[in-house]
Amino acid sequence: MPATVIVGTQWGDEGKGKLTDLLAQDMHLVVRYQGGHNAGHTIIVGEETFALQLVPSGVLYEHIIPVIGNGVVIDPLVLMDELAILEARGVKTGRLQVSGNAHLIFPYHQQLDALIERRLGKNRLGTTKRGVGPAYADKAIRVGLRMQDLLDPLIFREKLEMVMREKNATLAKVYNRLGYDPEVLAEKYLQECRPVLEPHITDTVRTVHEALEDGLNVLLEGAQATFLDLDHGTYPFVTSSNPVAGGACVGAGLGPRHIDSVIGVTKAYTTRVGSGPFPTELLDEQGDTLVTAGAEFGTNTGRRRRTGWLDLVMLRQAVRLNSLSELAITKLDVLDSFEQLKVCVAYEIDGQRVEHLPYHQSDVHRASPVYEVMPGWRCSLNDATNKSQLPIEATDYLRFLEVEAGVPITFVGVGPRRSQSLTWRPSPSLFRRCE
Ligand code: GDP
Ligand code: IMO
Ligand code: MG
């Protein structure tokens with residue numbers, strides 16, 4: 001009954017999609033457990049690039065049942081678009097299962113997301129403006145509509161009518177904007193979305209449990225990452241869900257004892273999109289080199305990602321928060337051209353050396369990194385297929401990370417393609433799956 005969680009250990013875009021795709025060949029179910037179409041997961045297969053937002057990365061394998069769990073927020077129009085695009089590219093999507101408990105994102109959520117950002121001005125969070133925050137807020141105050149409501153037109157109309165009264169008042173009175181006609185909106189969703197999505201809507205908790213009871217392999221694909229977590233991230237510069245491994249339990253309907261292994265995905269350096277503290281950020285040409293070499297532009301919004309050195313203070317915290325059992329280090333090849341590499345091992349705050357992530361956000365903003373400097377390898381790793389082909393400097397870099405994190409590194413990424421990955425140590429989770 002192995003259940004494996006894939007979780008980002010930084011601020012997102014670590015390469016979770018690629019790792020999910022790599023492991024998918026051994027999986028039966030791949031489940032998204034939180035987030036929405038704020039995610040952008042890239043998978044490169046041969047000459048084709050897929051950028052998935054809502055549909056789990058396992059969809060590309062025909063033997064896999066892709067599942068969108070109850071913890072995800074779904075814009076039905078975006079989901080329909082994504083399914084149509086995949087089908088047009090020859091990917092069969094009929095197997096997709098969508099939780100009836102997943103909440104819906106409507107146009108008013110997206111509009112409010114943008115309006116709130118505008119009101120915040122220079123204090124804006126830099127959200128993806130996909131309506132994710134406002135949709136989770138409605139879920140929490142219990143006025144959200146769920147996927148299952150699409151199946152009951154009476155309930156759908158009634159709930160939408162009720163919630164729209166308040167949304168329209170807010171749009172008009174706070175933001176001086178026109179509202180939406182709930183009847184027009186209801187008609188659109190019931191006419192356009194219901195027929196397409198109905199066959200996918202189901203009890204995904206049952207699907208996941210029955211799979212585990214049958215001894216099948218379940219992969220839980222996280223979106224966003226540990227430091228974008230609503231509870232554990234750099235609040236308020238976070239997303240509105242719980243990407244940490246514990247979120248996989250809630251967002252898929254599992255108990256903690258169902259999870260066998262947790263793989264943390266860590267870029268060999270750090271990136272962040274949007275606002276918020278970033279102690280190791282590079283605002284010089286080294287940062288530009290990381291942007292260029294790593295193609296650091298958002299999969300989803302196209303925004304330039306902020307870049308910096310790897311931060312082990314954060315990584316150690318991520319190990320704890322997610323109970324990581326192994327690490328996948330991605331984009332090691334992006335460091336190919338550097339003569340020297342820096343790794344943050346501690347912070348200095350008010351003249352004090354601090355080795356743990358400060359709980360007080362102001363301290364994180366004031367933290368300056370204490371670096372360990374390591375030699376670079378100055379050659380291309382792109383063609384390495386085996387650990388023994390890595391230069392000694394790259395091996396030393398990985399060994400150092402492994403010791404500092406206290407967790408075995410299993411996968412190493414040396415390029416964006418499926419084939420550009422190598423095994424550093426045998427994965428305990430893969431090993432168990434092969435038994
Ligand atoms: P995700 O959101 O965590 O799935 O990551 P994204 O797909 O948003 O961003 C990761 C980017 O890095 C994508 O463009 C991937 O194709 C690319 N990528 C993944 N692994 C590697 C790697 O090992 N090396 C390089 N150069 N690119 C990689
Ligand atoms: P994947 O799954 C990187 C960031 C946004 C913003 C903050 C809040 O591809 O790693 P939101 O729209 O969620 O309310 O925005 O979170 N953000 C991401 N950054 N990768 C993501 O997803 C992200 N999803 C949200 O840039 O700073
Ligand atoms: Mg991404």
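Note that ligands are numbered from 1 as they come in the structure, with each ligand's atoms numbered from 1 the same way. In this text, all values refer to a predicted model and were calculated from it rather than measured experimentally.
- Contacts between R130 and ligand 2, counted as non-hydrogen atom pairs separated by less than 4.0 Å, are absent for every part of the residue.
- Taking a cut-off of under 4.0 Å to the non-hydrogen atoms of K16, the atoms of ligand 2 that pass are 1 (P), 2 (O), 10 (O).
- Within the set T239, N38, L228, the minimum heavy-atom distance to atom 17 (N) of ligand 2 is found for L228.
- Considering each of E14, Q10, R417, K331, the one bringing a non-hydrogen atom nearest atom 17 (C) of ligand 1 is K331.
- Each of R306, R304, K331 was scored for a salt bridge (Lys or Arg N to Asp or Glu O under 4.0 Å) with E296, with one residue passing: K331.
- Contact annotation for T299 and ligand 1: only side-chain heavy atoms (C-beta onward) come within less than 4.0 Å of the ligand.
- Among G222, G17, G40, the residue whose heavy atom lies closest to atom 2 (O) of ligand 1 is G40.
- The protein atom (non-hydrogen) at minimum distance from atom 15 (O) of ligand 2 is T127 CA, 3.3 Å.
- Using 4.0 Å as the threshold, G415 has a heavy atom nearer than that to some atom of ligand 1.
- Against a heavy-atom cut-off of under 4.0 Å, H41 is close to the following atoms of ligand 1: 1 (P), 2 (O), 4 (O), 7 (O).
- Numbered from 1 in the order shown, with element, the atoms of ligand 2 that lie under 4.0 Å from a heavy atom of G126 read 5 (C), 6 (C), 26 (O), 27 (O).
- Using a 4.0 Å cut-off between heavy atoms, V414 contacts ligand 1 through its backbone alone, with no side-chain atom that close.
- At a 4.0 Å cut-off, at least one heavy atom of R305 sits close enough to ligand 1 to count as contact.
- Considering only non-hydrogen protein atoms, atom 20 (N) of ligand 1 sits nearest to K18 CD, 3.5 Å.
- Distances shorter than 4.0 angstrom do not occur between any heavy atom of G8 and any atom of ligand 2.
- When the options R417, R89, R418 are evaluated for a salt bridge (Lys or Arg N to Asp or Glu O under 4.0 Å) with E48, the one that passes is R89.
- Residue contact check: V238 has heavy atoms under 4.0 Å from atoms 7 (C), 8 (C) of ligand 2.
- With H200 contributing its side chain and L197 its backbone, the two residues share no donor-acceptor pair below 3.5 Å.
- Of the protein's heavy atoms, T128 OG1, 2.5 Å lies nearest to atom 12 (O) of ligand 2.
- Taking the six-membered ring where tryptophan is involved, the planes of Y108 and F106 are essentially parallel, since the angle between them stays under 30° and well short of 60°.
- Remark: minimum distance from atom 7 (O) of ligand 1 to any protein heavy atom is reached at T42 OG1, 2.6 Å.
- At a 3.5 angstrom cut-off on N or O pairs, S275 does not count as close to ligand 2.
- The closest protein non-hydrogen atom to atom 10 (C) of ligand 1 is D13 O, 3.6 Å.
- Counting only heavy atoms of the protein, atom 16 (O) of ligand 1 lies nearest to P416 CB, 3.6 Å.
- Atoms of ligand 2 lying under 4.0 Å from any heavy atom of D13, numbered from 1 in the order shown and given with element: 1 (P), 3 (C), 9 (O), 10 (O), 20 (N).
- Of all the atoms in ligand 2, the ones that sit under 4.0 Å from a non-hydrogen atom of A223 are 2 (O).
- Side-chain contact, T239 with N38: a donor N or O sits under 3.5 Å from an acceptor N or O.
- Using modelled atom types, one finds a donor on one side chain and an acceptor on the other under 3.5 Å when comparing T127 with D113.
- The parts of K16 lying near ligand 1 are both backbone and side chain, judged by heavy-atom distances below 4.0 Å.
- Below 3.5 Å of separation, one finds no N or O of A293 facing any N or O of ligand 1.
- Any N or O atom pair closer than 3.5 Å counts here, and I44 shares no such pair with ligand 1.
- At a heavy-atom cutoff of 4.0 Å, ligand 2 is contacted by no atom of D113, backbone or side chain.
- Side-chain atoms of H41 and E221 form a donor-acceptor pair, as typed in the model, at a separation below 3.5 Å.
- Close approach of ligand 2 to R303 is summarised as follows: ligand atoms under 4.0 Å from at least one heavy atom of the residue are 5 (C), 26 (O).
- Using a 4.0 Å cut-off to heavy atoms of W11, the atoms of ligand 2 that qualify are 3 (C), 19 (N).
- The shell of residues lying under 4.0 angstrom from ligand 1, judged by heavy atoms, excludes A295.
- The ligand atoms of ligand 2 that sit less than 4.0 angstrom from a heavy atom of L125 are 27 (O).
- With hydrogens and angles ignored, the 3.5 Å screen pairs a side-chain donor or acceptor of H209 with a backbone N or O of G253.
- Residues Q97 and T202 bring no donor and acceptor atom of their side chains to less than 3.5 Å of each other.
- Residue contacts with ligand 2: Q224 is placed with a nitrogen or oxygen under 3.5 Å of a nitrogen or oxygen of the ligand (distance criterion only).
- Atom 24 (N) of ligand 1 has its closest protein heavy atom at D333 OD1, 2.8 Å.
- Polar contact with ligand 2: present for V273 (N/O pair, distance under 3.5 Å).
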